[in-house]
Amino acid sequence: MARALQLAKRGLYTTDPNPRVGCVLVKDGQIVAEGWHRTAGAGHAEVEALKEAGERAKGATAYVTLEPCSHTGKTPPCADQLIAAGIAQVVCAMRDPNPLVSGRGFEKLRQAGIAVVNTVLEQQARELNPGFIKRMELGLPLVRCKLAMSLDGRTAMASGESQWITGPAARSDVQRLRARSSAIITGADTALLDNPSLNLRSNELGLDNALEVVQHQPLRVLLDSRFRVPATAKLLCQTGGLLVIGAEDSDARSLLAEQGIETLVLTVEQGQVDLMAVLKELAQRECNEVLLEAGATLSGAFLQQGLVDELVLYVAPKLLGGDARSLFNLPGLQSMSDQIKLEIKDVRNVGEDLRINAIVAATSGEPS
C-alpha cells in the first residue's frame with residue numbers, strides 16, 4: 001500500500017478534478033504490475049496496472065489507494081475490470097467519498113467473490129486528496145491561504161511594494177502549490193497593485209514533468225466587487241480559464257463580457273462578494289483545492305468567516321518595520337478570547353526562507 005501511495009503522488013499536479021490514485025498488483029509475494037491515474041479521461045490506476053499485468057492479474061491481490069469505482073464516467077467501472085481480470089483480493093486504503101461510488105465498488109467486488117480489505121494506511125490516503133474528499137463530503141473545496149511575510153509579520157512596505165520578500169526557492173515552491181490547485185483566488189487590490197499573472201511557469205516549477213504540468217493551468221478567479229480591474233491587466237490578458245466575480249452589475253461588467261471574459265455576480269450584505277457562495281460555485285465547477293493569493297483584507301475576510309482550511313506562510317529573514325503592511329486585516333478581535341487558533345503541522349526551510357504549514361482549528365469543514 002505504501003508503494004501504491006507513492007505511485008498516486010505522481011498524479012499530484014495532473015489528475016484534477018479526479019482524485020490521485022495508485023495501484024499495485026501482487027501475486028505469489030511478488031509485484032507483477034503497477035499503475036497510477038495520470039489525468040482525467042485517461043485510464044484509472046487499476047486499469048493501467050491490469051494492462052501491464054495481462055494474464056498475470058488472475059489470482060493476484062490488488063492494492064489500491066481508493067475504492068474502485070462502480071459507475072461509468074469518462075471510463076468504464078474499475079470494479080468490473082478487476083472482476084473480469086480474475087483478481088482474487090482487493091486491499092484498499094479508503095472508501096471513495098463520492099456518493100456515486102461510496103461502498104458500491106466494495107459491494108460489487110464482494111458479490112463477485114473477491115475478498116475486500118479496507119482502511120489500510122487510510123490517513124495517508126486521505127492526505128493525498130484532501131480537496132476531493134472535502135468537496136464530496138461537504139460540497140466545498142479545500143482552501144489554502146498562501147502569504148509571504150518578513151520576520152516581523154509584514155507583507156509589503158507602506159507603499160504596497162512587495163517584490164520580492166522571499167527568495168527564488170520559495171517562489172518555486174509557490175508554483176508547485178499553484179500546480180496542485182484547481183483554482184487560484186485573488187482580489188482586486190492585489191490585481192491593481194501587483195498586476196500578477198497567476199499562471200504556471202514551467203521554468204520555475206522545478207519538476208521533471210513541468211511541461212506536462214503547465215498544460216493543466218488552474219482556473220484564475222478574481223474577486224472584484226465593482227469590476228474595477230481593467231481588461232488590460234495581466235490577469236485578464238492571460239490565456240486560460242478566468243472568472244471575474246463581482247457584487248453588482250455594471251457597465252464595467254458588460255465591457256468585460258464583451259471581451260469574452262466570464263463574469264458572475266454573487267452579492268452579500270454591504271455590497272461585498274459572498275465568499276461562501278464563491279466556494280460553492282467553485283465546488284460545482286469540480287474544483288478540489290483552491291489557493292488564495294490575496295492581500296490582508298481579502299485573506300482576513302476568508303479567515304474570519306471560517307473558510308480557510310490551511311495557511312501556508314513563507315517567512316523571510318528580513319525586517320520591514322512597523323509602518324509596513326500587516327499579514328491579515330482582522331477587525332473585531334478585541335480580547336484573547338477572540339483569537340483564531342492554529343495548529344502548526346510542518347515547519348521547514350525552503351531556500352533562505354521558512355515555510356510554515358498550519359491548519360485552522362475552526363473552519364467550515366474538516367481540516368486537511
Side-chain angles (χ1 to χ4, degrees), residues 1-26 31-53 57 60-71 73-75 77-79 81-82 85 87 89-98 100-102 105-106 109 116-137 141-142 144 176-182 205 207-210 212-213 215-216 218 286-289 310 345-346 357 366 368:
M1 187 62 73
R3 175 58 181 162
L5 289 165
Q6 287 181 333
L7 293 168
K9 288 179 183 177
R10 295 184 181 180
L12 186 65
Y13 307 111
T14 57
T15 64
D16 202 69
N18 291 349
R20 300 126 186 169
V21 183
C23 177
V24 175
L25 301 184
V26 176
I31 291 178
V32 296
E34 298 179 336
W36 55 283
H37 184 44
R38 179 181 294 272
T39 187
H44 289 188
E46 301 94 317
V47 173
E48 294 302 309
L50 291 173
K51 282 182 185 176
E52 182 181 308
T61 295
Y63 292 84
V64 192
T65 60
L66 187 69
E67 176 183 2
C69 63
S70 57
H71 69 296
K74 293 182 178 179
T75 58
C78 291
Q81 298 193 52
L82 290 168
I87 292 292
Q89 180 179 232
V90 172
V91 179
C92 202
M94 63 173 288
R95 180 189 294 259
D96 193 331
N98 185 346
L100 295 175
V101 179
S102 189
F106 291 152
L109 293 171
V116 175
V117 178
N118 191 24
T119 66
V120 175
L121 299 184
E122 180 179 14
Q123 184 56 38
Q124 291 91 325
R126 292 183 69 86
E127 290 170 359
L128 260 179
N129 293 294
F132 177 78
I133 293 169
K134 185 178 178 184
R135 178 166 68 88
M136 289 299 163
E137 293 181 346
L142 179 120
R144 289 188 182 91
R176 292 188 288 276
L177 267 183
R178 290 180 181 178
R180 68 174 292 168
S181 302
S182 310
L205 276 167
L207 298 172
D208 292 337
N209 62 336
E212 178 186 4
V213 171
Q215 301 304 312
H216 301 264
E286 297 187 306
C287 291
N288 294 327
E289 300 177 21
E310 181 181 357
K345 304 298 290 186
D346 186 75
N357 291 70
E366 180 184 344
S368 62

**Prompt:** What distance do Thr15 atom OG1 and His44 atom NE2 have between them, rounded to the nearest 0.5 Å?
**Reply:** 10.0 Å
**Request:** Looking only at non-hydrogen atoms, find the nearest pair between Ala8 and Gly22 and report the distance.
**Result:** CB-N, 3.3 Å
**By salt bridge (charged side-chain N to carboxylate O under 4.0 Å, His left out) - contacts of Glu122 (at least two apart)** = none
**Heavy-atom closest contact (Ser181 atom, Pro218 atom, distance)** = O-CB, 3.4 Å
**Prompt:** What pairs with Asp346 under salt bridge (charged side-chain N to carboxylate O under 4.0 Å, His left out), at least two apart in sequence or on another chain?
**Reply:** Arg348, Arg355
**Request:** Not counting sequence neighbours, which residues clear salt bridge (charged side-chain N to carboxylate O under 4.0 Å, His left out) with Lys51? List them please.
**Result:** Glu48
**Prompt:** Taking only residues two or more places apart in sequence, or in another chain, which ones meet Thr39 in a side chain to side chain contact (heavy atoms under 4.5 Å, CB included)?
**Reply:** Ala42, His216
**With Glu289 via side chain to side chain donor-acceptor pair (under 3.5 Å) - residues at least two apart** = Arg20, Arg144, Arg180
**Complete:** Residue set satisfying side chain to side chain contact (heavy atoms under 4.5 Å, CB included) with Glu52, at least two apart, ordered chain then number -> Ala33
**Message:** The criterion is salt bridge (charged side-chain N to carboxylate O under 4.0 Å, His left out); which residues satisfy it with Arg176, sequence neighbours excluded?
**Reply:** Asp173
**Asked** Is there a side chain to side chain contact (heavy atoms under 4.5 Å, CB included) between Val90 and Thr61 once you walk through the steps?
**Response** CA-CA 6 Å; Val90 172; Thr61 295; over 6 Å; no
**Message:** So does Ser102 get a backbone contact from the side chain of Asp96, meaning a donor-acceptor N/O pair under 3.5 Å?
**Reply:** no
**Asked** Hey, what do you get for CG (Leu25) to CD (Glu34), rounding to the nearest 0.5 Å?
**Response** 9.0 Å
**Any residue meeting side chain to side chain donor-acceptor pair (under 3.5 Å) with Ser182, in chain and number order, not counting sequence neighbours** = Asp16
**Request:** Answer whether the closest heavy-atom distance between the side chains of Leu205 and Val213 falls below 4.5 Å.
**Result:** yes
**Prompt:** Is any side-chain heavy atom of Cys92 less than 4.5 Å from a side-chain heavy atom of Phe106?
**Reply:** yes
**Request:** Can you see which heavy atom on Ala93 is nearest to which on Ala125, and at what distance?
**Result:** CB-CB, 3.5 Å
**Fill in**
By side chain to side chain donor-acceptor pair (under 3.5 Å), Thr14 pairs with (sequence neighbours left out) none
**Prompt:** Between Met94 and Arg126, is any pair of side-chain heavy atoms under 4.5 Å apart?
**Reply:** yes
**Complete:** So CG of Leu121 and OH of Tyr63: to nearest 0.5 Å the spacing works out to 11.0 Å
**Request:** Taking all non-hydrogen atoms of both residues into account, name the closest pair between Ala179 and Tyr13 and its distance.
**Result:** CB-CD2, 3.4 Å
**Prompt:** Leu50 and Ala85: which non-hydrogen atoms are nearest, and at how many Å?
**Reply:** CD2-CB, 3.6 Å
**Request:** Measure the spacing between NE2 of His37 and CG of Leu7 and express it to the nearest 0.5 Å.
**Result:** 14.0 Å
**Request:** Find the distance between CG (Leu109) and CD1 (Ile87) and round it off to the nearest 0.5 Å.
**Result:** 10.0 Å
**Asked** Considering residues at least two apart in sequence or located in another chain, which fulfil the side chain to side chain contact (heavy atoms under 4.5 Å, CB included) criterion with Val120?
**Response** Met1, Val91, Val117
**Item:** side chain to side chain contact (heavy atoms under 4.5 Å, CB included) against Pro19, all qualifying residues, sequence neighbours excluded
**Value:** Val21, Leu66, Asn129, Phe132
**Request:** Please name all residues satisfying side chain to side chain donor-acceptor pair (under 3.5 Å) with Gln6, sequence neighbours left out, ordered by chain then number.
**Result:** Arg3
**Request:** Any chance you could measure Asn209, atom CG, to Gln215, atom CD, to the nearest 0.5 Å?
**Result:** 11.0 Å
**Prompt:** Hey, does Leu82 have a side-chain heavy atom less than 4.5 Å from the side chain of Pro68?
**Reply:** yes
